[in-house]
Each structure stands twice: as structure tokens, then as C-alpha cells.
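To keep things clear, I will list the structure first and then write my remarks on it.
Read the numbers this way: they start at 1 and go in the same order the structure lists the ligands and their atoms.
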Amino acid sequence: MRPIERVAVVGGGTAGFLAALALKLKLPQLKVCLIRSPEIGIIGVGEGSTPPFTRFIHDFLGIPLQEFIRHTQPGLKTGTRFHWGPRSHFYFPFGLYMAMKVSDLPRAVGYYLDHGNIGHATPAAARMDANRVFGFNANKSLVIDADYAYHVENERFAGYLEARVRAAGVDIIEGNIESAQQDENGITGLQLADTRQIAAEIYIDCSGFRSLLLGKTLGEPRVDYSSTLACDRAVVGGWARPLGVPMLSYTLSDTMDAGWCWRIDHPDRINRGYVYSSAFISDDAAEQELRLKNPGIGPTRIVKFTSGRFERSWVKNVVAIGNASGFVEPLEATSLAIIASRCQLMVELLQDSGCTLRPAMGALFNQNSAAIWDAVRDFLSLHYRFNTRLSTPFWVNRQNETNMGNAQPLVDYVQQMGPSPALTAAFVAIGAVFNASGYLAILTGLRMPTRYCYQPTALELTIWQNWCRSNLHQVQSLSTVEQALSILGAGRQI
Ligand SMILES: Cc1cc2nc3c(=O)[nH]c(=O)nc-3n(C[C@H](O)[C@H](O)[C@H](O)COP(=O)(O)OP(=O)(O)OC[C@H]3O[C@@H](n4cnc5c(N)ncnc54)[C@H](O)[C@@H]3O)c2cc1C
């Protein structure tokens, strides 16, 4: 088997640029080209992220923090605040949360949550509740020792990645791919509309929802997630952030009549997106509801999608990454982290094989990809199944009909045992993106009914209340998002 020398990346959205960059930085001997269609453009949505994505950008790709912030002008994210379920709100913070144990208390945090302010339960929750981010050193620099992620506008991010990819030596080709030739070993060449032809030994399909090579050319079957995730559209818009309005350090998620709505803060904008099911609300009515609840919103547009994945992402000499390989609606902002993990795994497999393609690489990649997509689907199912905030036809349908897939035994466990972090044992096998703490944050946040009731002693309650007070006290000295970005080099007053 001869090592591959030429790679063709199809697509210049975030998935295509991240794949090309990872390949060229880690395997510089490869000749990498990226083909993108200026007519089709990029999806233009996808702003929220999670800590694994932050680690990929800075630790794996080696992009310096300050450079990233200067060029992409992101917001900072410490978790998601949900306006879902019977509570006024609840948090899903990054960092230690429901599995945390406090010294001198016999149970983990979740068992005490309803005996105080839910926003003071751990340092990570208190950080969100206070709308703060990082601590300060004595010299006023930041202590970046806690998990965090970014709110980064899709087009600005892709623009920055493009410059990085060019600098790394990737050849960017503007053109519309009209067809792809194939034989029994996979794709043999790409035919552009203007008669140019491109050939490589491996093709990375990052063509977005079109899935040009994996779906359209190779005909890989799809696994449909609609029995779990019924939303299929989003109406998106935003407005210029008024001066003096504090930036939120988290994504806000509101329950809506036929779905939910994100609020994502950037230094210069506040963006909103209502994710809904077209079976329960028309496009016009969804737009009206969004506008009514956000009177300042400017022009809006509608994005259509379906939740699901392809059975395999690596078929013959095609590796699909990003929306071309699968998509779950953006409720937990998982796509960028999945793109990151796919790029890293692909590169590591090529490094270890000396750039020769062996069947075991695709088999491992596919098994892992399917497990990750399905784990995200299962995790999202809890949000719909147990959100009792509204009784609109959409929500009554979701409370009764949401297929919880592999999450059902974990939900049964929590119903019998309460918020027990021993749930962690269930996650070892499936290598999930979300762990016990995440499950417990959502189930407890939504007040899923359980048969279990734990009554702490008076002494435990005193220890708990002191702990909550100390969390509240500690976060007062942390930076705001604006302070953190100014120090980290946003390069302008925010
Ligand atoms: C409503 C919504 C909200 C989302 N929110 C989030 C979020 O908060 N967080 C998150 O992580 N993700 C989110 N996502 C997912 C997000 O879209 C992806 O994370 C990310 O943008 C990856 O897109 P992509 O690169 O796969 O596709 P695209 O951006 O669509 O890029 C596809 C590329 O392929 C090219 N192409 C296609 N066909 C051809 C052809 N024939 N010839 C040449 N080039 C071609 C296009 O020109 C383009 O360059 C959201 C998605 C939706 C729909």
C-alpha cells in the first residue's frame, strides 16, 4: 500500500477549513487543496461551542488564545441557562457540577440542590449566576483555569480560518463541483463546472447538508433522528448590542410555543434563533412569535434542516465531517465539538498509519462517530421529554412522544436513585459527549418526577448553606466578559 500524498477537501465552511488546517499542520508532507463554491456559500449559522472545541483550537491546532480573540471577536461562554421546566430557570454550567462532592456532606451536590439557590450550588454554577468568567492574578492578568467556550459568529470564524489555511499552504480553489467520478475503491476525481478536474487519493466531504460525496455520490444510507428530535427549522436574526448592555457569559435558551430560542451575545451583536417544528407552527407564525418576544430584532431568515446521521462517515476513500456527515439540532451547540473530534481522530489515524489507508481506520472512525451522534441525540431527548413549562400542542406531543433511545435506562436509574453521580459508570462504555453531570443537570433542572426523596439532616443543611454562601462570595471578584475580552486582546473597548 502506497501512502497518500494528495487530499481534496470539499467545502469551505468551518468543517472544511478546520479539516484542511488540521491535516496540513499535523501532516505537512500532504498536498492539500480545498474546493468551495462561491455561489453556494456557507451556512452562516453555528455560533455556540463547548470546551472540547476550545481545547481543539488552542491545544491541538496550537492557535494562540489572543490571536483567536483578536481576529474572531467572540463572546465567552460558561454554560447554558435554561428557561425550561417548572423552575424560573436552571443552569448547565461547564466544569464540575452535579457529580461534585462537598467535604463533610455524605451525598453529591444534586441531592441538596432544592435546599438553596440553584445558582450557588457549585463554583461553576455561581460563575454563571453572577455573569462572570475568570479570576484575576495579583498583576491583573487573568487566571484561565476553568472550562470555557466561545460564542463565535460563523462567517467571521470561517474568514479567520481561511487566512490560517492559506498561510499553512493549502491551495484554495473557487469552483462549483458538478460531479464526482468513482470506481470500486471510492472517488477517483471531481469535475468542476468550468471543466477543471481535481484528483486526490483521499476526499474529505465537508460540503454541508448537500453531502456531495458521502450522501449524493456514494449513496450512504441515513439514520433518521426525527422520532427524538422533531424540530426541523430555525428562524434567525439579531440586533446591534446597545452600548452599556452587559454581555451574557452564557447561552440563554428559552422555551417557545413550538420549540426553543437561543440568545447568543457577541461584542457587537445579540443573536436570537427560534428552533421549531414545521409540523406545529408555520414559518410566518414562528417569525411573529420571535419578533413579539424580541421587538428589537432586525431582518430574519429561515434555515431548514433534518436531524440525523449517515450510517458511516468514512466510506472507501471519503471521510465526511460537519453537516455532510450528520446533524443534530443546536440545542446543546454540539456540532463544532464533533467537527473538532472528527478532525483530530482522522489526523491521528493517518499519523499512525503513515498515511496509508487501511480498513481498520474507517471501521474505528465509523463506530466512534455513530456512538457520538447517537449519544448527543439521546441526551437531547431528555430536554424535550421532561420540559413541562408549556402545554402547547408541540410540547404535549414532545412530552408524550419523544423517543429517548438509549437514555431510557439512565432515566429509570435517576427516577429510582435520585441525582446519583454513580451514573457515571454508564458512560464509560459509550464514550459519550455528555456525562453523568450533564444528565443530572438537565433532569434535576427540569424537575423530572422521581420516586426518590432525600432529606438532609439539619447539620447537612447548615454545611450546604455555608457552602453556597462561599460560592456566591468567591465569584464576586471574577471578571465580566467585557473585562476578560479587553485583557485578552479583543483590541477595542467593548
Ligand atoms: C439553525 C442552526 C444553528 C446551529 N447552531 C450551531 C451552534 O450553535 N453550534 C454549533 O457547533 N453548530 C451549530 N450549527 C451547525 C453548524 O452549521 C456547523 O457547526 C458548522 O457551521 C459546519 O458547517 P459545514 O462546514 O459542515 O457546512 P457549510 O457551512 O454549509 O459549508 C459547506 C461548504 O461546502 C461547499 N459546497 C457545497 N456544495 C458544493 C459544490 N457542489 N461545489 C463546491 N463546493 C460546495 C459550500 O460552498 C461551503 O463552502 C447550527 C446549524 C443550524 C442549521
Side-chain angles (χ1 to χ4, degrees), residues 8-20 33-50 52-54 56 75 77 80 149-159 161-162 165 172-180 190-194 196 198 203-217 229 231-237 251 253 259-264 271-276 300-307 313 320-343 376 433:
V9 178
V10 175
T14 49
F17 283 133
L18 286 169
C33 74
L34 180 149
I35 309 106
R36 58 144 177 218
S37 160
E39 286 145 49
I40 295 171
I42 64 173
I43 190 164
V45 282
E47 311 165 76
S49 62
T50 53
F53 176 72
T54 311
F56 174 77
K77 177 177 171 188
T80 302
Y150 296 111
H151 289 143
V152 56
E153 280 212 299
N154 185 264
E155 292 189 7
R156 201 181 273 163
F157 184 38
L161 288 175
E162 178 179 343
V165 158
I172 296 183
I173 299 167
E174 312 282 353
N176 211 46
I177 299 165
E178 238 176 28
S179 61
L190 305 174
Q191 176 68 57
L192 270 56
D194 59 10
R196 278 177 293 172
I198 288 153
Y203 296 82
I204 318 302
D205 185 355
C206 301
S207 60
F209 290 139
R210 284 177 171 76
S211 194
L212 196 65
L213 303 183
L214 182 72
K216 205 170 153 203
T217 309
L229 303 170
C231 291
D232 57 359
R233 290 183 192 191
V235 50
V236 299
T251 300
S253 178
W260 62 276
C261 183
W262 75 73
R263 169 178 160 164
I264 288 184
N271 285 341
R272 280 284 200 176
Y274 178 3
V275 175
Y276 58 94
T300 58
R301 71 182 173 109
I302 288 173
V303 186
K304 297 181 184 176
F305 56 82
T306 47
S307 286
S313 306
I321 296 180
N323 295 344
S325 67
F327 179 74
V328 290
E329 62 138 286
L331 182 50
E332 288 288 355
T334 37
S335 293
L336 286 170
I338 296 179
I339 290 169
S341 78
R342 299 307 78 198
C343 291
V376 174
V433 185

Check whether any side-chain heavy atom of [X] sits under 4.5 Å from a side-chain heavy atom of [Y], and report yes or no.
X	Y	answer
Ser211	Asp205	yes
Ser335	Phe327	yes
Val236	Trp262	yes
Ile302	Val235	yes
Arg196	Ile173	yes
Cys231	Tyr274	no
Leu192	Ile198	yes
Ser253	Leu331	yes

Donor-acceptor pair, [X] side chain versus [Y] backbone, under 3.5 Å?
X	Y	answer
Lys77	Ser49	yes
Ser307	Glu329	yes
Thr217	Ala180	no
Ser37	Ile40	yes

Pick from Ala320, Ser37, Gly46, Ala19: the one approaching atom 44 (N) of ligand 1 most closely through a non-hydrogen atom: Ser37

Which pair of non-hydrogen atoms, one from Cys206 and one from Val9, has the smallest distance, and what is that distance? SG-CG1, 4.2 Å

Provide the closest heavy-atom pair for Ile42 versus Gly12 in the form atom of the first, atom of the second, distance.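 In this case the closest contact between Ile42 and Gly12 is CG2-O, 3.3 Å.
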
Identity and distance of the protein heavy atom lying nearest [atom]:
atom	result
atom 9 (N) of ligand 1	Gly48 O, 2.8 Å
atom 3 (C) of ligand 1	Pro330 CG, 3.4 Å
atom 19 (O) of ligand 1	Ser335 CB, 3.2 Å
atom 25 (O) of ligand 1	Ala15 N, 3.1 Å
atom 22 (C) of ligand 1	Thr14 OG1, 3.2 Å
atom 2 (C) of ligand 1	Val45 CG2, 3.6 Å
atom 37 (C) of ligand 1	Ser207 O, 3.5 Å
atom 27 (O) of ligand 1	Gly208 CA, 3.5 Å

Hey, is Val303 touching ligand 1 through its side chain, its backbone, both or neither, going by heavy atoms under 4.0 Å?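 The part of Val303 near ligand 1 is the side chain, not the backbone.
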
Interfacing atoms of ligand 1 (cut-off 4.0 Å, heavy-atom, [X]):
X	result
Arg210	37 (C), 38 (N)
Cys206	32 (C), 33 (C), 34 (O)
Ile42	29 (O), 48 (C), 49 (O)
Gly175	42 (N), 43 (C)
Ala234	1 (C)
Leu212	40 (C), 41 (N)
Ala333	8 (O), 9 (N), 11 (O)
Gly322	26 (O)

Does [X] reach ligand 1 with a nitrogen or oxygen that is under 3.5 Å from one of the ligand's nitrogen or oxygen atoms?
X	result
Val236	no
Gly12	yes
Ile177	yes
Asn323	yes
Asn154	yes
Ile43	yes
Ile339	no

Contact with ligand 1 for [X], non-hydrogen, under 4.0 angstrom:
X	value
Gly273	no
Phe53	no
Val10	no
Ser49	no
Ile264	no

Inter-residue atom distance Thr251.OG1 - His151.NE2, 0.5 Å rounding: 2.5 Å

Apply ring-ring contact (aromatic ring centres under 6.0 Å, His included) to the pair Phe209 and Phe305, showing each step before the final yes or no. CA-CA 8 Å; Phe209 290 139; Phe305 56 82; 7.2 Å; no

Pick out which of Leu18, Thr334, Asn323 makes a side-chain contact (heavy atoms from CB on, under 4.5 Å) with Ile339. Leu18

